[in-house]
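See structure below.
The sequence lines fix the lettering, A, B, ..., with proteins before strands; numbering per chain opens at 1. On a predicted model such as this, the values are computed, not experimentally measured, just so you know.
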2 protein chains.
Amino acid sequence: MSIGKREFKPDKNKASLSNQIRDHMRARILNQEWQPGEKIPSEFVLANDYQVARVTIRTALRMLESQGLIDIRHGSGAYTTNFGKGIRAGLQELRSISETIREMGFTPGVVIRASELRLPNKAEAEELRISLDENIFYMERAITADGKVVAFSYDTVRITDLSQNVINKFSTGSVFKALEAFGKHPVRAMSEIHAIKSELIGWGPSKPKSGLYLQLKQTHFLRDGFPIMTGSTYFVEGRFQFIIHRTI
Amino acid sequence: MSIGKREFKPDKNKASLSNQIRDHMRARILNQEWQPGEKIPSEFVLANDYQVARVTIRTALRMLESQGLIDIRHGSGAYTTNFGKGIRAGLQELRSISETIREMGFTPGVVIRASELRLPNKAEAEELRISLDENIFYMERAITADGKVVAFSYDTVRITDLSQNVINKFSTGSVFKALEAFGKHPVRAMSEIHAIKSELIGWGPSKPKSGLYLQLKQTHFLRDGFPIMTGSTYFVEGRFQFIIHRTI
DNA sequence: GAGTGGTCTAGACCACCCT
DNA sequence: GGGTGGTCTAGACCACTCA
């Protein structure tokens with residue numbers, strides 16, 4: 001089978017098949033195996049190429065559509081979309097911000113302003129479903145793309161059964177990577193979205209003058225349903241293109 | 001079969017089965033047929049009650065989960081969520097704002113500030129895929145809940161093959177209703193989401209002092225893939241609770 | 001271990017597009 | 001009319017929860 005120039009080996013014990021196919025096809029799109037606006041193969045062909053049922057291909061395609069990477073037209077086919085040179089992200093998909101930045105061709109970075117063990121406040125304890133005397137790990141970070149700040153994050157992590165040396169990992173980069181490193185990969189999040197203007201959020205040399213942010217107030221959950229992290233990410237208005245595909 | 005106290009008659013020629021079931025179950029939840037936090041019947045039971053395949057029930061349940069109305073727990077069941085008295089809306093689902101407001105127990109209203117036929121600007125013509133000398137219908141509206149403004153809308157509608165008397169309908173209320181009245185129901189929209197602070201957006205007696213809005217810049221499409229409406233809705237920060245359920 | 005959700009399959013039928 | 005996407009079905013197997 002010919003699946004572009006890329007290998008595709010489904011990996012049991014990992015993500016679902018449809019998610020693996022989605023990721024594989026996303027890479028094909030972002031690497032311009034298909035030119036912007038070009039028609040991609042039909043669902044039947046893809047199902048045969050990837051050796052899965054058509055429904056599985058459809059699931060993957062609909063996720064790519066949600067992210068605004070393809071445009072599916074009934075009776076005609078699916079076409080890759082044109083999007084500028086900005087960072088385009090779908091909100092439905094829970095992904096590492098760093099990963100998204102990298103895929104869009106920028107170099108992600110993280111600057112840690114603060115990180116500490118402390119007791120949770122009432123709201124944090126409630127979100128994380130822990131008692132008020134249990135320590136949590138608190139972080140203040142800035143996420144950058146090509147050195148330019150795109151977001152500020154304020155997060156608390158539930159550290160029940162986390163050792164100190166594992167906590168040190170958080171100082172090095174992507175939170176998702178750090179969590180993954182000890183088998184605590186969040187699989188879903190509930191987010192509330194808000195517009196915020198405040199001078200108190202940004203910091204550092206490239207603190208945005210506007211003080212205008214898109215706030216994602218969210219709690220992340222593990223596969224077993226327990227919350228692992230809660231907090232807010234403030235995206236600097238204009239530096240990230242958030243797409244939502246809405247359907248009836 | 002007993003499906004709560006409500007009838008359920010699938011209607012061919014209308015929405016998909018899973019969407020009809022979603023709407024039916026949403027009504028059951030919002031009317032508190034199940035108390036907040038209560039477990040709802042299993043997928044197997046629901047599939048039997050509604051006389052559909054389990055996959056169809058699942059599709060409906062996942063949409064309700066996206067809207068934050070239920071919480072699905074693997075191996076355990078689906079539970080209705082607790083949410084305050086605010087207006088909770090999922091962003092993935094394309095729905096009439098008025099409809100959402102009504103369902104949450106408030107009385108929706110619309111105030112029209114301006115409506116006119118005019119030529120499109122370049123951006124509008126491009127979004128609607130029409131030429132620059134084709135008239136469009138432009139509207140400025142405020143959407144209210146219990147008399148309080150929750151959003152300001154600036155929209156242009158493609159009026160190719162729309163008669164004048166049909167255009168008059170727009171002055172009366174929900175745009176979705178007006179479009180539907182002559183068989184032009186949008187089935188999907190691509191939205192970009194932004195945080196905006198501006199004194200130029202709000203108007204009228206209850207113009208918000210903060211000037212802070214969550215902007216949904218969107219283009220609506222018909223089933224045949226053609227754009228029918230484009231514009232921006234500015235939600236007054238804090239009056240609408242936008243929920244996004246994010247998954248890997 | 002019984003019950004429940006998570007995923008995938010193979011096949012079917014329909015609606016729509018295009019030539 | 002042939003190709004393509006949109007939806008639904010019936011059944012299967014697995015992973016997880018809870019008593």
Side-chain angles (χ1 to χ4, degrees), chain A residues 8 10-23 25 38-66 70-80 94 183 185 187-188 221-226 245 247-248, chain B residues 8 10-23 25 38-66 70-80 94 183 185 187-188 221-226 245 247-248:
Chain A
F8 180 74
D11 185 348
K12 288 179 110 179
N13 317 323
K14 276 194 99 173
S16 68
L17 242 187
S18 52
N19 282 7
Q20 289 182 55
I21 291 173
R22 171 200 65 197
D23 293 341
M25 293 191 64
E38 191 178 338
K39 185 175 173 182
I40 69 177
S42 78
E43 297 181 351
F44 293 93
V45 171
L46 289 169
N48 184 64
D49 283 353
Y50 283 99
Q51 286 294 298
V52 296
R54 191 179 140 226
V55 179
T56 307
I57 290 290
R58 265 195 76 63
T59 305
L61 289 179
R62 289 175 84 135
M63 289 189 278
L64 294 172
E65 186 185 34
S66 298
I70 62 172
D71 182 14
I72 305 179
R73 301 180 205 151
H74 191 178
S76 169
Y79 301 78
T80 59
L94 181 62
H185 203 69
V187 295
R188 62 188 200 89
F221 299 88
L222 300 177
R223 188 173 301 283
D224 64 13
F226 279 96
H245 184 242
T247 55
I248 276 189
Chain B
F8 179 74
D11 185 347
K12 289 179 111 177
N13 317 323
K14 276 194 97 174
S16 68
L17 242 186
S18 51
N19 282 6
Q20 290 181 55
I21 291 172
R22 171 200 66 197
D23 293 341
M25 292 190 65
E38 190 178 338
K39 185 176 173 180
I40 69 177
S42 79
E43 297 181 351
F44 293 94
V45 171
L46 289 168
N48 184 64
D49 284 353
Y50 283 99
Q51 286 294 299
V52 295
R54 191 179 140 226
V55 180
T56 307
I57 290 291
R58 266 195 76 63
T59 305
L61 289 179
R62 290 175 83 135
M63 291 188 277
L64 294 172
E65 186 187 34
S66 298
I70 63 171
D71 182 13
I72 305 180
R73 302 180 205 150
H74 190 178
S76 169
Y79 302 78
T80 58
L94 181 62
H185 204 68
V187 296
R188 62 188 200 91
F221 299 88
L222 299 177
R223 188 173 302 281
D224 64 15
F226 279 96
H245 184 243
T247 55
I248 276 188

Could you walk me through whether B:V187 and A:T247 pass the side-chain contact (heavy atoms from CB on, under 4.5 Å) check?
CA-CA 6 Å; B:V187 296; A:T247 55; over 6 Å; no

Rounded to the Å, how far apart are A:I57 CD1 and D:dG6 C1'?
16 Å

Chi angles and distances behind the side-chain contact (heavy atoms from CB on, under 4.5 Å) call for A:N19, A:M63:
CA-CA 9 Å; A:N19 282 7; A:M63 289 189 278; 3.2 Å; yes

Closest nucleotide of DNA chain C for B:E65 versus for A:F44: which of these residues is on the 5' side?
B:E65

C:dG6 P sits how many Å from B:I248 CD1, rounded?
14 Å

Take A:D224 and B:L17, find for each the nucleotide of DNA chain D with the closest heavy atom, and name the residue whose nucleotide sits nearer the 5' end.
B:L17

Please state how far atom CD1 in A:I70 lies from atom P in D:dT4, giving the value in whole angstrom units.
15 Å

Atom-pair distance (CG on A:L222; P on D:dT17), nearest Å:
11 Å

What does B:V52 touch in the nucleic acid at a heavy-atom separation under 4.0 angstrom: a base, only the sugar-phosphate, or nothing?
sugar-phosphate

Please determine whether a side-chain nitrogen of the Lys or Arg among A:R188 and B:D71 lies less than 4.0 Å from a carboxylate oxygen of the Asp or Glu.
yes

Could you work out which one of C:dT7, D:dT9, C:dG6 sits closest to the side chain of B:R62?
C:dT7

Under 4.0 Å from OP1 or OP2 of D:dC8: is there any side-chain N or O of B:S18 that close?
yes

Closest listed nucleotide, where the reference is the side chain of B:H74 and the choices are D:dT4, D:dC16, C:dT9:
D:dC16

Base, sugar-phosphate, or nothing for A:R58, non-hydrogen atoms under 4.0 angstrom?
base

Go nucleotide by nucleotide along DNA chain C from the 5' end; which of A:T59 and B:K39 gets its closest nucleotide reached first?
B:K39

Within this structure, what is the CD1-to-C1' distance between B:I40 and C:dT4, rounded to whole angstrom?
12 Å

Residue B:V55, side-chain heavy atoms: nucleotide from D:dT9, C:dG5, D:dT7 that is nearest
D:dT9

Taken to the nearest whole Å, CD/B:E43 to P/D:dC16 is 16 Å

Is the A:F226-A:F221 ring centre distance short of 6.0 angstrom?
no

Does the base of C:dG6 carry an N or O that pairs as donor and acceptor with the side chain of B:R54 under 3.5 Å?
yes

Sidechain N-carboxylate O distance under 4.0 Å for A:D224, B:R73
no

Whichever of B:S76 and A:G75 has its nearest DNA chain D nucleotide further upstream toward 5':
A:G75

Rounded to the Å, how far apart are A:R188 CZ and C:dG5 P?
14 Å

In whole angstrom, what separates B:I21's CD1 from D:dT7's P?
13 Å

